[in-house]
Each structure stands twice: as structure tokens, then as C-alpha cells.
Amino acid sequence: MNLLPLTPPGQTPHRVMTIAGSDSGGGAGIQADMRTFAMLGLHGLVAVTAVTVQNSVGVKGFHEVPLEVVAGQIEAVASDIGLQAAKTGMLASSEIIETIADTWKRQDLDAPLVVDPVCASMHGDPLLHPSALEALRTALFPLATLVTPNLDEVRLLTGIEVVDEATQRDAAKALHALGPKWALVKGGHLRTSDRAPDLLFDGAEFREFDAERIDTGHDHGAGDTLAAATASALAHGYSVPDAVAFGKRWVTECLRAAYPLGHGHGPVSALFRLTALD
């Protein structure tokens, strides 16, 4: 696949911020985001929202970072280093979501913002308080360049159960109506064929992104990785459709390179690029 250009040594690369939770097992969350940023040649910036206790089997618990620390991380980085794009992941609570939205507006940030509305782990363990769904809809989605929910998250956010192409389009319209510039309804969990169809909507036009379905039991961090790769492409000045297409290709290759880890689900692997550089 065509990869993002690497910055020559000694020059400052593009900067992308992840505003998300930490995964102690290293498969998802900030750890997955930073791997993708690094493998794509971008400088990763971090605002930690929560610290999880998890491994390949499941999430044992999580601790929320104090609101002033969440806001302070964003402010410190934005005022000094600057950023060309950002993405969110696990945000844990309505208070954290509202703090991020307030900080984003107070800093007058205009970088593209990819919102991955993480509600639960792949094992079904909750990573977002139920009361926070409304804060996602009303506080963060209107600031988003792009939202990237999976089908479970679509159902929680819109009430629409996506089972086919028609309901996928209905869901994309409902998500876009919540305020983001673009809505992406990921079809990786839509088991209607051997393909993985994603649908992008900007309020006027639908665009479809199709890829082969990779048969693997190791897909931990796939959603984080897709959002991180898409944000990385946006930082390079890609249009939203082109950035989504790049993110789709990237996560497909990461799924192809996924590896076993521990006693449960292993992670998708951005490390395949190490062989691409040989």
C-alpha cells in the first residue's frame, strides 16, 4: 500500500494528538494510537483521560484522570507544540467529554478532530458511563470533523440496529444529524458477506469503502488504529474521503499482521511497516 511520506531526519514531523485511555495490555487505546503515529512517521501527542486495568482477556477496571489534568494536557501541548489533527478514544464520563469540548473551544483549535466514540471494549466491558452518551451527542460530535463508531456504538448513539445496507445508510444520516461534518459507519461487524463495507456520509453524498474481511481472532485495537491512521492522513492534508480510504487500507494490513498475545484476543499490528521499510 502507499504509505504517508516520512519526514527527513532533523525536520519536525506533523503532530497528531490522541485524547484517550491507556491500555495496560498495550493492544488498544493510547498505546495503539502511538504505534500507528510512529509507524506512519508522525509525532504523537497525548492527553490521557483514563487508566485501564486490562489484558488480552478483558478489562478489570479503570480510573478516570482528574478533569483539570485532562484539560491541562491539551492546553500545554496546543499552546507550545501545536497539532495538525487529533483523535479521541475512551473518554469515560460526561464530565471528561464536556471538559475536552470546552478546552477545544477555549483554545480555538481548528485542527481536524476524529471522534471514535468508544463505549465498550471488544469483550463487552463498559468503558463509558451510560450517562455520557448524551454528552458525546451534544458536546463533542458538533466539534468533530469525522465520527467513526462501530455498529454497537451506532446502536447506542442512534437507536438504529444496522443489519444491511439500508439501515447502514439510515444510521449514517442519524449520526450526521448530531453535528459532525462527516459520519463513518464501520461495517466490520456486519456479517452479510466476506467483505467489510464502511459507509461515509457528509449530509449530501454517500461514499462506500470496501475491503476484504480478514479472518482473524486477533483484532484488539482495530477501531483505535483506523481512527489514528485516518487522523494521521488528515494531518498530512488529505481530504476526509481520502483519509478514510487510507485508514481503511492501513487497518486491513494491520489485521493481516495481527498476532496472538496472552490468553485472549491479540492486537492488530502496525509493525508490518517495519518490513515495508526493508
Side-chain angles (χ1 to χ4, degrees), residues 12-24 28-38 40 42-52 62-119 127-129 131-149 178-182 221 223-237 240 243 247:
T12 304
H14 293 297
R15 283 85 68 204
V16 183
M17 171 173 271
T18 172
I19 307 170
S22 172
D23 175 357
S24 56
I30 280 173
Q31 285 76 7
D33 294 340
M34 294 296 280
R35 269 198 302 279
T36 283
F37 297 159
L40 290 176
L42 291 100
H43 181 86
L45 310 166
V46 172
V48 181
T49 59
V51 177
T52 69
F62 65 84
H63 174 75
E64 296 174 24
V65 172
L67 300 180
E68 65 273 16
V69 177
V70 174
Q73 292 172 91
I74 299 171
E75 291 169 351
V77 168
S79 64
D80 173 42
I81 300 172
L83 55 144
Q84 281 73 56
K87 58 89 62 182
T88 68
M90 176 192 177
L91 302 182
S93 71
S94 57
E95 292 82 6
I96 289 177
I97 292 168
E98 290 163 359
T99 294
I100 292 166
D102 290 344
T103 306
W104 192 266
K105 290 184 286 189
R106 187 171 60 254
Q107 293 291 306
D108 196 25
L109 296 174
D110 60 0
L113 175 63
V114 178
V115 174
D116 184 19
V118 175
C119 297
L127 295 174
L128 185 74
H129 294 300
S131 62
L133 288 171
E134 187 60 18
L136 275 175
R137 298 185 192 100
T138 60
L140 203 55
F141 276 24
L143 300 176
T145 305
L146 172 70
V147 295
T148 62
L178 295 174
K181 293 183 177 68
W182 299 77
D224 304 292
T225 298
L226 171 67
T230 302
S232 297
L234 290 172
H236 274 274
V240 172

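Values in this document were obtained by computation on a predicted structure and should not be read as measured data. Below, each value reflects all heavy atoms present in this structure, side chains not excepted, and no hydrogens, waters or symmetry copies.
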Student check: side-chain heavy atoms of [X] and [Y] closer than 4.5 Å:
| X | Y | value |
| --- | --- | --- |
| Ile96 | Glu64 | yes |
| Leu140 | Pro117 | no |
| Asp23 | Asp224 | no |

Taking all non-hydrogen atoms of both residues into account, name the closest pair between [X] and [Y] and its distance.
| X | Y | result |
| --- | --- | --- |
| Ser232 | Phe37 | OG-CD2, 3.4 Å |
| Ala28 | Gly221 | CB-CA, 3.7 Å |
| Ala132 | Ser94 | CB-N, 3.4 Å |
| Ala50 | Ala92 | CB-CB, 4.4 Å |
| Pro112 | Thr145 | CA-OG1, 3.3 Å |
| Val114 | Ala227 | CG1-CB, 4.0 Å |

Nearest-0.5 Å distance, [atom1] of residue [X] to [atom2] of residue [Y]:
| X | Y | atom1 | atom2 | value |
| --- | --- | --- | --- | --- |
| Thr225 | Asp33 | OG1 | CG | 7.0 Å |
| Met17 | Thr88 | CE | OG1 | 12.0 Å |
| Thr148 | Trp182 | OG1 | CH2 | 15.0 Å |
| Thr36 | Leu226 | OG1 | CG | 9.5 Å |
| Arg137 | Ile97 | CZ | CD1 | 10.5 Å |
| Ser79 | Ile74 | OG | CD1 | 11.5 Å |

Under the criterion side-chain contact (heavy atoms from CB on, under 4.5 Å), which of Leu83, Leu40, Leu234, Leu42 is the partner of His14? Leu42
In a check of side-chain contact (heavy atoms from CB on, under 4.5 Å) between Leu67 and each of Asp102, Thr99, Thr49, which one passes? Thr99
Show your working on side chain to side chain contact (heavy atoms under 4.5 Å, CB included) between Val46 and Ser22 and close with a plain yes or no. CA-CA 10 Å; Val46 172; Ser22 172; over 6 Å; no
For the residue pair Phe62 and His129, categorise the inter-ring angle as parallel (less than 30°), tilted (30 to 60°) or perpendicular (more than 60°). tilted
Ignoring hydrogens and geometry, is there a side-chain-to-backbone donor-acceptor pair from Gln73 to Val48 under 3.5 Å? yes
Is a side-chain N or O of Arg15 found less than 3.5 angstrom from the main chain of Pro13, in a donor-acceptor match? yes
Do Met90 and Thr52 pass the side chain to side chain contact (heavy atoms under 4.5 Å, CB included) test, and can you show the C-alpha distance, the side-chain angles, and the key distance before you say yes or no? CA-CA 10 Å; Met90 176 192 177; Thr52 69; 3.6 Å; yes
By ring pair (Phe, Tyr, Trp, His ring centres under 6.0 Å), which residues pair with His43, not counting sequence neighbours?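 Here no residue qualifies.
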Determine whether Leu128 and Val118 satisfy the following criterion, side chain to side chain contact (heavy atoms under 4.5 Å, CB included), listing intermediate values before the conclusion. CA-CA 7 Å; Leu128 185 74; Val118 175; over 6 Å; no
